[in-house]
K.L.:
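One structure follows; several queries about it will come next.
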Amino acid sequence: MKPIKIVIIDDHQLFREGVKQILNGEPNVHVVAEGEDGSQAMRLMKLYKPDVMIMDIEMPNMNGIEATKNLLGAYPDVKVILLSNYDDDYVMHAIKTGAYGYLLKNMDTKTLIHAIRKVAEGAAYLHPSVTNLFVKEYMRVSNHRESLITCRQFKIKPSFQLLTRRECEVFELLLEGKSNKAIGETLSICEGTVKSHMRSILHKMDVFDRLQAVVTAIKKGWIELR
């Protein structure tokens, strides 16, 4: 298996050293560089071309949100995991910026390793403690269907098929936070049919669950958050 190359950017040296020691003890994971400020992200990306960049949000000179925007502008395929001490509204900013992951610094080692491997595979990952916060904030800023981009505006990616009209309807209701049962009642179809459509949607979007579908839709610009 190809080693996962990691760059760590955090203004606390002790934290960087601790994370580096943990990661270098894992098979197929290697920390190739570290930095202490978001302004260093671009240079380290150019020099080391990491698979995953782990970056603190709150740093002097340039914070992680701004650094991620700049980084993804030049290297759109890089996968960034943002770190925070708090489970606050930074999570929405992180996802809208294009970060693949959002972790709290009080995470355990198992969560860190799991997140890195998932993100390296191309999946989004949110710390379990902020999942409910993310969903509530999403619902707050997306409380009517007019904020959704129509399915005709979805960009077709390699190995991604355009959703059918019914799948679009199911997806819109998913984005409103409705359960499978509620979606079925709204569309006058049985819950089993909703589950079938949901499996097809997740497969086409190449995600593992409903939360990742929402995160991916936001990241890819398939929906508009106002």
K.L.:
In terms of hydrophobic clusters joined by side-chain contacts under 4.5 Å, are M62 and L71 together?
P.N.:
no
K.L.:
Please find out if less than 6.0 Å separates the ring center of H114 from that of Y125.
P.N.:
yes
K.L.:
Compute both the distance and the angle, then confirm whether K79 meets the cation-pi test with Y100: under 6.0 Å from the six-membered ring centre, within 45 degrees of the axis.
P.N.:
yes
K.L.:
Atom OH of residue position Y48 - does it have more than 12 heavy atoms of other residues, nucleotides or ligands inside 6.0 Å?
P.N.:
no
K.L.:
Got a sec, which pairs hit salt bridge (Lys or Arg N to Asp or Glu O under 4.0 Å) with one end in residues 3-13, sequence neighbours left out?
P.N.:
D10-K105
K.L.:
Any Lys/Arg nitrogen of K181 or E191 sitting under 4.0 Å from an Asp/Glu carboxylate oxygen of the other?
P.N.:
no
K.L.:
Is the shortest side-chain heavy-atom distance between E66 and T97 below 4.5 Å?
P.N.:
no
K.L.:
Any chance the side chains of S84 and E58 put a donor and an acceptor closer than 3.5 Å?
P.N.:
no
K.L.:
For a 4.5 angstrom cut-off between non-hydrogen side-chain atoms, does M198 reach F171?
P.N.:
no
K.L.:
Quick one: does M45's side chain get under 4.5 Å of V78's, heavy atoms only?
P.N.:
yes
K.L.:
Is the closest side-chain heavy-atom distance between I189 and V194 below 4.5 Å?
P.N.:
yes
K.L.:
Looking at K20 and E17, is there a salt bridge between them, counting it only when a charged N and a carboxylate O are closer than 4.0 Å?
P.N.:
no
